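Here is the structure we will look at.
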Amino acid sequence: MLAIRAAHLFDGETFTAHPATILIDSGRIAGVESGYPGLGPEWQVEEYPDATLLPGLIDTHVHLVADSNAGALDRVAGYSDTEVEGVVTDGLRRQLAAGVTTVRDLGDRRWNVVERRDRQRRLPRSGSELEPTILASGPPITSLGGHCHYLGGEVEGRQAIADAVGERAERGVDIVKVMASGGMTTPGTEVMRTQFTRAHLAFLVETAHAAGLPVTAHAHGLPAVEQALEVGVDAIEHCTCLTEDGVRISDELLETLAARQLPIGAALGGPPVVALAQAPPSVRAMMERAGITPEMVRTIRLAAVGRMHRAGVRLVAGADSGINQWMAHGLMRNSASFLTEAGGTVTEAVA
């Protein structure tokens, strides 16, 4: 039996003002005690006088098939299953080392991560084999040639949408991911435009809900954000609200997001200036049309996130982990620091 003592404790909502002791029996938390209670000789005690104990972190937006290097998603389609397995294992190792004990994968290549999740559930690991618990969406559903089409989730028309949702229900995914807008990293897709008609996206959401599955929508462009809200998605990723004139978030949109309390993931962060200077031509052209320089992007994103936070929008920690070196697996701490930079408190950020 193990007792871990530290100067401070964060209980998931707030920091305590006193020391705390965590009691662990057979690998499970058996108790959380205020202060340093007396313990018998059967307890192994570890002391961390300058540390804060806190629950395992949750990264709500990861790509385990991506290797955390430049152009990570571009290489995924060419990997063998063995290579994908190695990339997934490394990503999980990095996440666990950073204190992340649950990851939600929103960008599987075909069904590699879903199968890894299923193995976790059949064969619980222990000791050196411990890894974060996986929640999985399978391949994101996208239009023909749409964002991340190479992951295996392309659909066209109602029947293909119904079949795709049906397969995900059969495989027991934890959530359905749909690409409501184009993406920054897929040439030929339109970030500003929707990828599905309103009728088809509504049909996808209705079909998923009928199967008992929630839906989260990747949405960078403002039209995609508005469309996703109209059809009743359960969460939004990025929620960048891009237009040809830059980021536009109306007070009415803020009120809607806050009232519905949809989790907004992969919103807490921004690429460094050097990355934007080397961005794909389509992204650079979009920035030029809007009169936005690489140096302005972080300031604009901080202002948008700050407004959402002050309005009561439900921001959740998801780092889009794995897609490049500045959003590598294990760097979710950057999401927390981004929220504090945008005006949130440390307590709010960690929570």
Side-chain angles (χ1 to χ4, degrees), residues 1-62 64 88-105 113 116-136 172 174-175 214 235 261 263 265 268 309 314-319 321 329-340 344-351:
M1 295 186 290
L2 174 66
I4 302 176
R5 293 173 171 170
H8 304 285
L9 176 83
F10 182 81
D11 64 7
E13 295 180 350
T14 187
F15 289 91
T16 63
H18 48 73
T21 301
I22 303 292
L23 304 176
I24 301 172
D25 188 2
S26 300
R28 293 183 176 274
I29 295 174
V32 180
E33 303 289 339
S34 177
Y36 298 153
L39 299 170
E42 70 275 17
W43 289 92
Q44 173 190 343
V45 178
E46 293 186 2
E47 303 273 2
Y48 295 92
D50 298 319
T52 299
L53 295 166
L54 70 162
L57 301 173
I58 302 168
D59 191 338
T60 65
H61 191 131
V62 309
L64 288 173
V88 171
T89 297
D90 181 65
L92 290 169
R93 177 190 60 77
R94 292 183 186 213
Q95 292 280 11
L96 189 62
V100 175
T101 55
T102 300
V103 296
R104 187 177 66 159
D105 186 271
V113 176
R116 180 67 168 256
R117 178 208 64 178
D118 292 346
R119 291 205 307 274
Q120 275 191 352
R121 294 177 179 180
R122 289 195 306 269
L123 302 169
R125 299 185 172 204
S126 61
S128 62
E129 295 182 325
L130 281 174
E131 60 187 29
T133 297
I134 298 171
L135 304 176
D174 301 285
I175 191 166
Q261 284 294 284
L268 301 178
H309 177 64
R314 187 182 178 193
L315 298 163
V316 296
S321 298
H329 292 295
L331 292 182
M332 201 188 69
R333 62 183 181 273
N334 293 343
S335 293
S337 62
F338 192 88
L339 184 57
T340 61
T345 67
V346 172
T347 298
E348 290 168 334
V350 179

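A quick note: this is a predicted structure, and the numbers were derived from the prediction, not measured.
- T101 contributes atom OG1, which lies 12.5 Å from atom CD of E131 (distance to the nearest 0.5 angstrom).
- Side-chain contact between H309 and L315: present, with at least one pair of heavy atoms (C-beta onward) separated by less than 4.5 Å.
- When every heavy atom of T21 is checked against every heavy atom of G35, the shortest pair comes out as OG1-O, 2.7 Å.
- When atom types are taken as modelled, the side chain of T52 and the backbone of L9 share no donor-acceptor pair closer than 3.5 angstrom.
- Within the 4.5 Å cutoff, the side chain of T347 has no heavy atoms near those of the V350 side chain.
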Atom pairs and distances, donor-acceptor, side-chain atoms in residues 90-99, under 3.5 Å, two or more places apart:
| from | atom 1 | to | atom 2 | distance (Å) |
| --- | --- | --- | --- | --- |
| D90 | OD1 | R93 | NE | 3.4 |
| D90 | OD1 | R93 | NH2 | 2.5 |
| D90 | OD2 | R94 | NE | 3.0 |
| Q95 | NE2 | D59 | OD2 | 3.4 |
| Q95 | NE2 | H329 | ND1 | 3.3 |

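- Within a 6.0 Å radius of CZ in R121, other residues, nucleotides and ligands contribute more than 12 heavy atoms.
- The shortest side-chain heavy-atom distance between I175 and P214 falls under the 4.5 Å cut-off.
- When all heavy atoms are compared, the tightest approach of Q120 to T133 is OE1-CA, 3.6 Å.
- For the residue pair L39 and W43, the shortest heavy atom distance occurs at CB-CD1, 3.8 Å.
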As a quick check of understanding, evaluate side chain to side chain contact (heavy atoms under 4.5 Å, CB included) for V346 and F15, giving each step before the final call.
CA-CA 10 Å; V346 172; F15 289 91; 4.2 Å; yes
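- Atom CD of Q261 sits in a crowded spot, with more than 12 heavy atoms from other residues, nucleotides or ligands closer than 6.0 Å.
- Taken to the nearest 0.5 Å, the CD atom of E42 stands 12.5 Å off from the CG atom of L2.
- Annotation: the span from L53 atom CG to Y48 atom OH amounts to 9.0 Å, rounded to 0.5 Å.
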Can you list the steps and then say if T89 with R116 is a side chain to side chain contact (heavy atoms under 4.5 Å, CB included)?
CA-CA 10 Å; T89 297; R116 180 67 168 256; 3.0 Å; yes
What's the verdict on side chain to side chain contact (heavy atoms under 4.5 Å, CB included) for R104 and I58, showing C-alpha distance, side-chain angles and the deciding distance?
CA-CA 8 Å; R104 187 177 66 159; I58 302 168; 6.0 Å; no
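- Within a 6.0 Å radius of CG in L54, more than 12 heavy atoms belonging to other residues, nucleotides or ligands are found.
- Contact between P49 and A7 at its shortest, heavy atoms only, is O-CB, 3.1 Å.
- Salt-bridge annotation for D174 and R117: present, with a side-chain N of the basic residue lying under 4.0 Å from a carboxylate O of the acidic one.
- Across every non-hydrogen atom of H8 and T16, the tightest pair is ND1-O, 4.1 Å.
- Side-chain contact between I22 and I24 is present, with at least one heavy-atom pair separated by less than 4.5 Å.
- Considering every non-hydrogen atom in both A349 and A336, the closest pair reads CB-O, 3.4 Å.
- With sequence neighbours left out, Y36 forms a ring pair (Phe, Tyr, Trp, His ring centres under 6.0 Å) with no residue at all.
- Between D105 and the options L64, L135, T60, a side-chain contact (heavy atoms from CB on, under 4.5 Å) holds for only L64.
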Can you check side chain to side chain contact (heavy atoms under 4.5 Å, CB included) on T345 and T340, steps first, answer last?
CA-CA 6 Å; T345 67; T340 61; over 6 Å; no
